[in-house]
Trainee: 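Please find one structure pasted underneath; my questions will follow.
Counting starts at 1 for both ligands and their atoms, following the listed order.
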Amino acid sequence: MSGPGRTPGALPRALIVGSGIAGLTAALELGHCTVVTKTTLGEGSSRWAQGGLAAAIGPGDSTADHAEDTRAVSSGLTVDEIVDMVTGDAPGRIRWLQHLGTGFDLAEDGTPALGREAGHRSRRIVHAGGDATGAAVMGALVAAVRARPDIEVVENHRAVDLVRADGRIVGVTVAGPDGHVRALTAAAVVLATGGIGRVFARTTNPAEATGDGLAMALRAGAPIRDPEFVQFHPTALDGALDPLPLLTEALRGDGARLIDAAGRRYLTGQHPDAELAPRDVVARANWAAQQHGAIFLDARHLDTGPGATFTERFPTVFAACMAAGIDPRREPIPVTPAQHYHVGGIMTDGWGRAGLPGLYACGEVASIGLHGANRLASNSLVEGLVLGGRVAASIADAPSTPRLRQPGAHRIRPEIPADPPDPGAPDDATAVQHLRATMWRHGGLVRDADGLTGALDTLDGLRPTLDTGITGRNLAAVAALVLRAALAREESRGGHHRADHPTSLPGPGSHTVVQDTDVPHRPLQPFGVHERQVAS
Ligand code: SIN
């Protein structure tokens with residue numbers, strides 16, 4: 001295939017699977033590439049992000065402080081160079097987005113207005129359109145990609161599996177809207193497919209977040225790191241919607257409070273930062289409180305008049321609440337924790353290089369070592385920007401043999417199913433719902449060995465049915481990955497809480513690496529052999 005601006009017959013420099021913030025950034029910075037997306041350009045989780053982009057650009061703030069906050073919330077397992085690199089590059093990426101035309105909310109002096117979120121010592125969250133940040137950023141990226149003749153966009157095509165030749169990943173099989181499967185090839189493949197939220201019954205993630213890239217990488221034998229670390233957001237709007245509307249952490253940053261049905265603030269006795277404690281702490285407190293009755297976010301006092309009305313500050317939240325019949329200016333909002341972000345993922349170095357030659361990953365699907373066991377709020381869009389740029393630089397420079405090592409890791413072999421399903425076969429909705437409910441109950445905020453083992457048994461029973469559809473097969477693979485890694489980690493750390501092992505093991509913690517030892521993989525280290533900063 002060739003795009004209008006590419007030499008006919010020339011192999012694309014890369015096939016980028018996924019069109020969120022990381023994938024489109026990689027495409028813009030690399031050029032001469034193909035973006036494959038299962039819906040249309042810009043759909044997916046990035047567009048729904050309310051909280052913004054964390055960057056140390058405020059007076060008195062520093063990238064070192066941002067890095068320290070990232071590490072403090074992580075519960076260990078971060079890679080120091082990666083944390084320093086991403087937080088250090090974040091301010092430049094904000095400027096880059098401004099050059100692309102993203103209209104961030106501005107303070108009176110014309111610089112970006114800065115919000116506060118849990119775990120950040122200062123106001124350093126950049127927003128656009130109040131709580132519509134993702135939509136604004138994605139609007140700018142999509143327009144920039146559409147204006148580039150050297151970037152071909154293949155929409156409404158589902159990636160099925162990675163294609164390997166001569167020991168390298170050289171392409172992807174894709175299923176078109178008619179179910180016809182064909183192979184697309186390129187000099188490199190970048191997985192930027194986002195998260196796994198649809199594995200859980202309660203999630204803020206859109207329908208696209210079915211773990212496709214993670215499952216594909218797993219089947220191909222790429223090392224996957226720490227898949228048990230799943231982040232649950234403390235506050236989604238409780239109800240029957242799927243996905244559940246997010247109630248941004250910026251509400252609590254501005255003073256909204258969590259209360260039970262009696263109006264009692266239950267966080268104050270549990271953590272010195274109360275509602276602004278790290279996200280895993282607040283999410284688990286909400287889960288525990290919810291076992292005794294409904295819980296609410298009281299944001300009534302945030303509607304403080306002209307220039308700062310609720311509708312001006314939180315238009316997305318306001319619309320979601322009103323659609324559910326709740327006026328957040330007049331009544332507390334019923335809330336529930338919900339799956340929000342996958343912290344683990346395809347193991348990569350600081351250039352997005354995965355453990356198989358020719359394969360790269362960036363954004364939520366990747367595990368680069370930024371988040372450790374628990375992600376700091378508003379670090380993910382920034383990660384997507386920084387790593388998208390570094391993947392592009394890495395592919396453009398075609399660096400020589402990187403090395404990957406994860407000393408002291410606990411290794412598990414993946415399960416590799418044999419045959420791909422018929423792409424025309426529908427997914428079994430009942431089996432998918434059963435899987436999602438099981439994962440929410442036993443693979444969610446509070447886990448234990450009995451629940452995890454029972455969930456794996458349930459999954460075994462569902463697997464023959466799930467494996468007949470492309471989505472079901474991916475959801476099943478990802479669910480098994482999370483459950484098996486959660487069972488193997490006999491401690492509580494960050495987003496992974498085991499009721500039967502409620503404390504962290506002493507020391508800095510060890511990683512879980514899932515990989516097929518029969519598949520030769522290339523060794524990596526955080527930065528590989530070649531180091532340079534991405535121009536911003
Ligand atoms: C939020 O707005 O609360 C979400 C921000 C994030 O997940 O980083």
Trainee: Using side-chain heavy atoms (C-beta onward) and a distance below 4.5 Å, is Ile196 in contact with Gln339?
Mentor: yes
Trainee: Taking heavy atoms and a distance under 4.0 Å, where does Arg279 meet ligand 1: side chain, backbone, both or neither?
Mentor: side chain
Trainee: Please determine if His340 has a nitrogen or oxygen closer than 3.5 Å to a nitrogen or oxygen of ligand 1.
Mentor: yes
Trainee: Is the terminal nitrogen or CZ of Arg284 (NZ for Lys, CZ for Arg) located under 6.0 angstrom from the six-membered ring centre of Trp287 and within 45° of that ring's axis?
Mentor: no
Trainee: Any atoms of ligand 1 less than 4.0 Å from a non-hydrogen atom of Glu249? List them with their elements.
Mentor: 1 (C), 2 (O), 3 (O)
Trainee: Within the structure provided, determine whether Ile346 and Tyr360 are in side-chain contact (heavy-atom separation under 4.5 Å).
Mentor: no
Trainee: Identify the heavy atoms of Gly239 and Arg202 that sit nearest to each other, and give their distance.
Mentor: O-NH2, 2.9 Å
Trainee: Could you tell me whether Thr248 and ligand 1 have an N or O pair separated by under 3.5 Å?
Mentor: yes
Trainee: With a 4.5 Å heavy-atom cut-off, do Arg124 and Ile57 have their side chains touching?
Mentor: no
Trainee: At less than 4.0 angstrom from any non-hydrogen atom of His233, what atoms of ligand 1 do you find?
Mentor: 1 (C), 3 (O), 4 (C)
Trainee: Counting both backbone and side chain atoms, is some N or O of Ser378 under 3.5 Å from an N or O of ligand 1?
Mentor: yes
Trainee: Tell me if the CZ atom of Arg329 is crowded by more than 12 foreign heavy atoms within 6.0 Å.
Mentor: yes
Trainee: Does ligand 1 have an atom under 4.0 Å from some heavy atom of Ala377?
Mentor: yes
